[in-house]
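The model shown is predicted, which means the values in this text are computed figures rather than measured ones. All chains are named by letter (A, B, ...) in the order of the sequence lines, taking the proteins before the strands, and each is independently numbered beginning at 1.
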Protein chains: 2
Amino acid sequence: MPDIKHFDPDASLETVVRLFWRQGVASTGIQDVVTATGLNRSSLYATFGGKQELYLAALRRYLEQRSQPVFRRLAEDERGLPAVSEFFDGLIETRCSGEYARWGCMVSNAHAGAENSDPAVRAVLDQHHRELCEALYAALVTAERQGQLAPGTAPGASADLLALLAYGVNLRSRAGADAATLRNTVTAALDSLGVRAAP
Amino acid sequence: MPDIKHFDPDASLETVVRLFWRQGVASTGIQDVVTATGLNRSSLYATFGGKQELYLAALRRYLEQRSQPVFRRLAEDERGLPAVSEFFDGLIETRCSGEYARWGCMVSNAHAGAENSDPAVRAVLDQHHRELCEALYAALVTAERQGQLAPGTAPGASADLLALLAYGVNLRSRAGADAATLRNTVTAALDSLGVRAAP
DNA sequence: AAAATCTTGAAATGACCGTTCCAAGATAAG
DNA sequence: CTTATCTTGGAACGGTCATTTCAAGATTTT
């Protein structure tokens with residue numbers, strides 16, 4: 001007998017993701033959300049709860065829709081080092097040009113803000129980090145199996161290293177770092193993992 | 001003929017640094033500053049100007065008092081790779097234990113927030129990054145001169161890489177990353193730069 | 001068509017935001 | 001000791017914050 005929603009919660013949440021991603025949660029007011037989504041306050045609160053719950057929903061959506069698909073592609077890629085290289089190319093491309101240029105990574109941004117004192121937020125950050133490391137690890141194990149790694153290179157430690165490097169890329173790109181510079185840096189990192197230059 | 005200040009502006013600014021460092025500028029109100037410093041609003045505004053100028057002064061103080069001394073020590077260290085290793089050990093120590101544990105780096109944090117849209121803030125971030133890269137570069141050139149680097153390792157690109165790694169350490173430590181894990185990751189990075197393991 | 005129930009719009013809530021203002025207090029110079 | 005000038009305390013400013021409330025509107029079931 002009830003009325004139905006007159007909007008698409010999923011599309012609204014995607015709008016909210018972009019808002020929080022770009023501006024951060026502390027600098028984004030509910031009024032901003034109301035304006036950007038076109039919803040009004042009642043529908044917003046009835047659908048998502050308060051601001052913190054809304055942010056959490058947006059952060060989880062970011063992880064699921066933006067991060068995990070990329071991680072999955074990396075982990076399942078059978079090429080080894082080229083897959084890792086392509087992962088970073090795509091990362092830098094996304095961070096430095098197009099619609100999301102200079103937005104950084106929503107999860108990386110959350111690391112630096114006051115929002116990470118919420119245990120539920122912290123859990124998303126840890127999950128993101130774990131999954132990133134695991135995907136890199138899978139790709140490096142593949143690379144090792146194909147003899148692409150320099151002797152003495154441990155896939156586990158190298159995966160952690162590349163994960164931290166990705167956070168660095170995310171941070172610096174948000175402050176306007178040059179894409180070419182970032183690419184050079186990443187290339188140097190990958191070269192130091194791989195077997196020494198063939199002619 | 002005038003009255004003199006009844007407080008030490010430098011000590012007050014140091015208190016403000018810690019406030020903004022820990023909580024971020026967006027989550028810290030002027031009331032928080034008033035409470036923490038013991039100043040009242042009039043003195044605060046007369047001495048430092050508004051909130052944005054206060055934040056900028058605090059950020060610059062952080063760079064000068066916290067970052068640059070460490071950079072200088074690194075750049076002037078004549079040992080090469082051990083100097084770099086010690087730099088990261090100290091970084092992880094500061095980020096994970098003691099008074100500032102889990103605060104991250106104030107400059108790294110500023111990368112991720114909305115405050116970086118201010119050109120003056122952006123300039124501090126760029127200066128920080130440049131000086132960090134230069135210090136690492138100096139240490140790596142020293143290392144190269146002493147034959148500590150693996151053949152084919154370019155000091156410039158490696159310095160950029162280690163700088164991004166430092167940002168990664170800063171971010172993850174703020175979210176509670178384990179010090180031992182961070183140390184392992186950094187060790188792996190440095191090993192990949194150095195000449196292969198001697199017995 | 002009527003009843004039931006959810007959604008929606010818009011106003012109102014009290015708390016807090018950054019900032020300003022001004023009278024009262026304190027200090028140094030004449 | 002008076003005068004000039006800055007500092008200080010504290011109240012007050014308009015605006016915005018997240019959240020709540022409630023009547024009016026819309027939709028499905030009976």
Side-chain angles (χ1 to χ4, degrees), chain A residues 1-60 110 113-121, chain B residues 1-60 110 113-121:
Chain A
M1 307 175 181
D3 195 357
I4 58 167
K5 282 191 201 307
H6 297 180
F7 64 94
D8 177 4
D10 211 55
S12 297
L13 190 54
E14 174 59 27
T15 301
V16 175
V17 165
R18 297 176 193 213
L19 223 52
F20 284 146
W21 181 4
R22 180 159 42 105
Q23 312 183 9
V25 62
S27 307
T28 305
I30 290 291
Q31 182 58 50
D32 297 334
V33 175
V34 167
T35 302
T37 58
L39 305 186
N40 76 4
R41 293 174 151 68
S42 302
S43 309
L44 227 171
Y45 277 84
T47 307
F48 300 106
K51 189 186 184 182
Q52 189 62 20
E53 294 166 86
L54 179 60
Y55 173 71
L56 245 170
L59 190 64
R60 292 196 174 112
E115 55 266 36
N116 89 343
S117 53
D118 180 338
V121 170
Chain B
M1 306 176 182
D3 194 358
I4 58 167
K5 281 193 202 307
H6 298 180
F7 65 93
D8 178 4
D10 213 55
S12 297
L13 190 54
E14 174 59 26
T15 302
V16 176
V17 165
R18 297 177 194 212
L19 222 52
F20 284 146
W21 180 5
R22 181 159 40 105
Q23 312 183 10
V25 62
S27 307
T28 304
I30 291 291
Q31 182 57 51
D32 297 333
V33 175
V34 167
T35 303
T37 59
L39 306 185
N40 74 6
R41 293 174 151 67
S42 302
S43 310
L44 226 170
Y45 277 84
T47 307
F48 300 107
K51 189 186 184 184
Q52 189 63 19
E53 294 167 86
L54 179 60
Y55 173 70
L56 246 171
L59 189 63
R60 291 196 175 112
E115 55 266 37
N116 90 344
S117 53
D118 180 337
V121 170

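- Among the atoms of the strands shown, only primed sugar atoms or phosphate atoms (P, OP1, OP2) are found under 4.0 Å from some heavy atom of A/T28.
- Closest heavy-atom contact between A/A36 and A/T15: O-CG2, 3.8 Å.
- Per the geometry, CD belonging to B/E53 stands 13 Å off C1' belonging to C/dG18, to the nearest Å.
- Ranked by how close their nearest DNA chain D nucleotide is to the 5' end, A/A26 and A/S42 are led by A/A26.
- Taking every side-chain heavy atom of A/Q31 into account, D/dC17 is the closest of D/dC17, D/dT7, D/dT8.
- Nearest to the side-chain atoms of A/I4 among the listed nucleotides C/dT20, C/dT7, D/dT28 stands D/dT28.
- Straight-line distance from the CG atom of B/L19 to the C1' atom of C/dG18: 15 Å, rounded to whole Å.
- The distance from atom CG of A/L39 to atom C1' of D/dT19 is 16 Å, rounded to the nearest whole Å.
- Nearest nucleotide to the side chain of A/N40, out of C/dT8, D/dT5, D/dT19: C/dT8.
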Before you tell me yes or no, could you show the steps for B/F48 and B/V16 under side chain to side chain contact (heavy atoms under 4.5 Å, CB included), namely the whole-Å CA-CA distance, both residues' side-chain angles and the distance that decides it to 0.1 Å? CA-CA 11 Å; B/F48 300 107; B/V16 176; 5.8 Å; no
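- Using a 4.0 Å heavy-atom criterion, one finds that A/T47 contacts no nucleic acid atom at all.
- Side-chain atoms of B/S117 come within 3.5 Å of backbone N or O of B/A114 as a donor-acceptor pair.
- Taking atom OH of B/Y45 as the reference point, atom C1' of D/dC13 lies 12 Å away to the nearest angstrom.
- When each of D/dA18, D/dT8, C/dG18 is scored by its nearest atom to the side-chain atoms of B/I30, the top-ranked nucleotide is C/dG18.
- Atom CZ of B/F7 is separated from atom P of D/dG9 by 10 Å (rounded to the nearest Å).
- Between the NZ atom of A/K51 and the P atom of D/dA18 there is a distance of 4 Å, given to the nearest Å.
- Residue A/D3 places its side chain closer to D/dG25 than to any other of D/dG25, C/dG18, D/dC6.
- The CZ atom of B/R41 sits 12 Å away from the P atom of C/dC16 (whole-angstrom rounding).
- Applying side-chain contact (heavy atoms from CB on, under 4.5 Å) to B/Y55 and the options B/D118, B/V25, B/L19 leaves one that passes, B/V25.
- Residues A/Q52 and A/V121 meet the side-chain proximity criterion, which asks for heavy atoms closer than 4.5 Å.
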